[in-house]
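A quick write-up on the structure given underneath.
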Amino acid sequence: MKILLLAGDFVEDYELYAPLKALEMLDIDVHVVCPDKKAGDIIQTCLHFMEKWQTFSEQPGHPFQLTHAFANINLDNYAGLVIGGGRFPEYQRYDERVLNVVRHFFDKNLPVAAICHALQILSAAGVLKGRSCSAFPMCKLDVIAGGGEYVHFEAESINVHVDGNLVSAPAYPAIGVWLREFIKLLGVKVSI
């Protein structure tokens, strides 16, 4: 099984590495791509801290070496899509190639896991109409503008929302439950 993971400079570090490593643990082949970059290129991640200020603070995260070239992806080879948050959705939501990738997964009703600011990309792609989803609270208006119903969870909560093929969560504290629900949609069985 192959999963496509969209990323870019200043993707939230946890929201890239955690799904990548969890899916690899399940023997799932994850292809991490970024527009205009090829396999081996480095992107910079970031770490967001939810402290006592009115918004989160940001620090540089780990550099990440992309596994595949965006230009070479064949969307029909993937069983699902993962989109982390951070800052990269702010600019990739303007890239029609990225929006077409997202539309493909929704058109085919394949599992999509989106967390935090990733819903900005889904909103721009026009795939939220008639759907409900969670996102980082500051993205509420993006969800509504995209025709979606915003499901509010506190950013620090460990909550996930599932609507059909879409699994969404507000931020990195919910990564565990977010991935659990995504893995269920993929049909992967995990037993202890």
Side-chain angles (χ1 to χ4, degrees), residues 1-7 11-34 39 43 45-50 56 59 61-68 73-86 88-89 101-102 104-106 108-119 121-122 127-128 131-137 139 143 148-192:
M1 176 183 299
K2 292 180 185 173
I3 298 297
L4 186 65
L5 195 156
L6 289 176
V11 61
E12 168 62 50
D13 191 281
Y14 299 137
E15 296 166 6
L16 168 68
Y17 280 99
L20 172 65
K21 296 305 174 189
L23 293 169
E24 285 177 344
M25 179 189 71
L26 297 172
D27 203 24
I28 296 173
D29 188 11
V30 182
H31 294 187
V32 184
V33 299
C34 175
I43 59 170
T45 71
C46 65
L47 293 165
H48 289 137
F49 298 95
M50 294 176 276
F56 54 84
Q59 298 294 322
H62 298 90
F64 180 81
Q65 187 174 34
L66 295 167
T67 63
H68 291 77
I73 58 175
N74 177 348
L75 295 177
D76 292 326
N77 291 340
Y78 298 102
L81 174 66
V82 174
I83 311 173
F88 92 98
V101 166
V102 170
H104 168 85
F105 286 90
F106 279 88
K108 301 282 186 184
N109 200 37
L110 294 170
V112 175
I115 192 167
C116 198
H117 287 70
L119 281 296
I121 293 175
L122 274 57
V127 298
L128 294 180
R131 291 181 169 272
S132 56
C133 63
S134 184
F136 194 73
C139 298
V143 170
E149 176 189 341
Y150 175 73
V151 177
H152 177 74
F153 296 123
E154 294 297 323
E156 300 86 4
S157 73
I158 302 173
N159 289 297
V160 63
H161 183 75
V162 179
D163 183 346
N165 67 319
L166 174 60
V167 179
S168 58
Y172 61 80
I175 285 174
V177 294
W178 175 65
L179 288 172
R180 179 192 67 212
E181 296 304 317
F182 180 62
I183 289 164
K184 284 181 190 176
L185 285 181
L186 292 172
V188 174
K189 304 289 184 210
V190 179
S191 62
I192 299 176

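Heads up: numbering here begins at 1 and tracks the sequence.
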Looking at Ile158, I want to see if its CD1 is surrounded by more than 12 non-hydrogen atoms of other residues, nucleotides or ligands under 6.0 Å.
no
Tell me, please, which residues at least two apart from [X] pass side-chain contact (heavy atoms from CB on, under 4.5 Å).
X	value
Pro111	Phe182, Leu185, Leu186
Asn159	Phe153, Ser157
Ala114	Ala118, Leu119, Leu122, Leu166

Is any side-chain heavy atom of [X] closer than 4.5 Å to a side-chain heavy atom of [Y]?
X	Y	value
Val188	Met1	yes
Tyr150	Pro137	yes
Leu81	Leu110	no
Val30	Val82	no
Val127	Phe105	no
Arg131	Phe106	yes
Asp76	Lys108	yes

Shortest non-hydrogen contact from [X] to [Y]?
X	Y	value
Ala171	Ile115	O-CD1, 3.4 Å
Phe136	Ala155	CE1-CB, 3.6 Å
Ser134	Ser168	N-OG, 2.8 Å
Thr45	Leu16	CG2-CD2, 3.8 Å

Contact list for residues 168-191, test salt bridge (Lys or Arg N to Asp or Glu O under 4.0 Å), sequence neighbours left out:
Glu181-Lys184
Run the side-chain donor-acceptor check on residues 20-27: report pairs under 3.5 Å with partners two or more places apart or on a different chain.
| unit_1 | atom_1 | unit_2 | atom_2 | d |
| --- | --- | --- | --- | --- |
| Lys21 | NZ | Glu24 | OE1 | 3.1 |

Test side-chain hydrogen bond (donor to acceptor under 3.5 Å, both in side chains) applied to [X] - qualifying residues, sequence neighbours left out:
X	result
Tyr17	none
His104	none
Glu149	none
His161	Ser132

Spell out, as yes or no, whether a donor-acceptor pair under 3.5 Å connects the side chain of Glu12 to the backbone of Gly85.
no
Could you tell me whether the side chain of Asp13 and the main chain of His62 form a donor-acceptor pair under 3.5 Å?
yes
Would you check, one step at a time, whether the test side chain to side chain contact (heavy atoms under 4.5 Å, CB included) holds for Ile121 with Phe88?
CA-CA 9 Å; Ile121 293 175; Phe88 92 98; 4.0 Å; yes
